[in-house]
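Atoms considered below: every heavy atom in the structure, side chains included; atoms not considered: hydrogens, waters and symmetry mates. So you know, we letter chains A, B, ... as the sequences are listed, proteins then strands, and number each from 1.
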Amino acid sequence: AQSVTQLGSHVSVSEGALVLLRCNYSSSVPPYLFWYVQYPNQGLQLLLKYTTGATLVKGINGFEAEFKKSETSFHLTKPSAHMSDAAEYFCAVSEWPDSSYKLIFGSGTRLLVRP
Amino acid sequence: DVKVTQSSRYLVKRTGEKVFLECVQDMDHENMFWYRQDPGLGLRLIYFSYDVKMKEKGDIPEGYSVSREKKERFSLILESASTNQTSMYLCASSLNGGNQPQHFGDGTRLSIL
């Protein structure tokens, strides 16, 4: 069965610093992986996804993630943090083909950006 | 752009009431999902539906039911609301395919007094 682990429930960075949010997955098949962002009192918004092909995936708002099969990781990065990046971030893996099209979500990482 | 609309952003109800949360998507998606989100517990799947009139239990279905009479609409029903159902409720939809993302509504913050 697929699973997702996000290391660090809270990450704090200074404005302008590198953002690194960690995600490790477990999957018996080549995975489909997703990163979502949630701003306060809003739903989840898709940042980026990995399905097949290029292992470095670029998303919205300057974020990118690299799929590393050997490390079973899909870490999210952004070269320079902005105050507007403060939010909660969720990594997810598709449960397909084990069952239907559900997503398995990590527990989330709250990103704090210090001025 | 996919639009998932939840009928209320904030809702206050009383213990024992029957509560309906409505969700509508405009992109002809086959799959629809209801989650609840609580601090420290992440997103937990309540029910999902992969076709009209079809439904499957998620991880925490107790105390809830769902209805999907039309493809675009998925309703979550709290049969007899209790205080422990105070939470943020999120609806999502997706196309068929393991590589398809889920698209979320803005959520309903439900308080049961």
Side-chain angles (χ1 to χ4, degrees), chain A residues 1-10 23 25 27-54 57 59-60 65 67 74 87-110, chain B residues 1-6 8-11 21 23 25 27 29-51 54-61 87-111:
Chain A
Q2 286 81 336
S3 66
V4 172
T5 302
Q6 290 184 242
L7 292 176
S9 58
H10 291 80
C23 174
Y25 69 89
S27 177
S28 57
V29 297
Y32 298 129
L33 296 159
F34 307 84
W35 274 102
Y36 285 86
V37 61
Q38 185 180 32
Y39 299 103
N41 292 315
Q42 293 188 22
L44 276 67
Q45 179 183 1
L46 181 68
L47 270 178
L48 49 80
K49 66 176 182 179
Y50 170 77
T51 55
T52 57
V57 181
I60 62 172
F67 170 63
F74 190 55
E88 189 156 22
Y89 293 79
F90 293 90
C91 181
V93 63
S94 174
E95 203 171 75
W96 186 90
D98 284 2
S99 71
S100 68
Y101 302 117
K102 294 187 290 184
L103 293 181
I104 307 300
F105 287 89
S107 53
T109 297
R110 186 168 298 278
Chain B
D1 264 3
V2 177
K3 184 71 173 175
V4 179
T5 303
Q6 295 185 230
S8 304
R9 292 297 306 275
Y10 300 93
L11 205 54
L21 302 184
C23 176
Q25 50 94 3
M27 285 302 291
H29 285 177
E30 294 90 356
N31 307 297
M32 296 189 76
F33 307 83
W34 274 107
Y35 296 89
R36 67 176 282 176
Q37 184 179 23
D38 301 286
L41 297 177
L43 276 76
R44 293 182 289 170
L45 182 64
I46 305 171
Y47 268 98
F48 68 101
S49 168
Y50 51 89
D51 201 351
M54 306 303 289
K55 61 184 179 184
E56 284 199 23
K57 293 180 180 179
D59 301 317
I60 52 163
S87 186
M88 173 72 134
Y89 290 87
L90 294 167
C91 175
S93 70
S94 75
L95 290 168
N96 282 340
N99 61 347
Q100 295 298 322
Q102 291 181 13
H103 300 266
F104 284 80
D106 284 335
T108 296
R109 189 165 293 281
L110 175 65
S111 297

Residue [X] versus chain A: region with a heavy atom under 4.5 Å:
X       : answer
B:Phe33 : side chain
B:Leu41 : neither
B:Asn31 : side chain
B:Gln37 : side chain
B:Arg44 : neither

Segment of [X] engaging chain B (4.5 angstrom heavy-atom cut-off):
X       : answer
A:Tyr39 : neither
A:Gln45 : neither
A:Tyr50 : neither
A:Leu44 : both

If you count heavy-atom pairs under 4.5 Å between each of B:Leu43, B:Val4, B:Leu90 and chain A, which one has the most? B:Leu43
Residue, of B:Ala92, B:Pro101, B:Ser94, that accumulates the most heavy atom pairs under 4.5 Å with chain A: B:Pro101
May I ask you to list the residues in residues 102-111 of chain B that approach chain A closer than 4.5 angstrom, counting heavy atoms only, ordered by number? B:Gln102, B:Phe104, B:Gly105, B:Asp106, B:Arg109
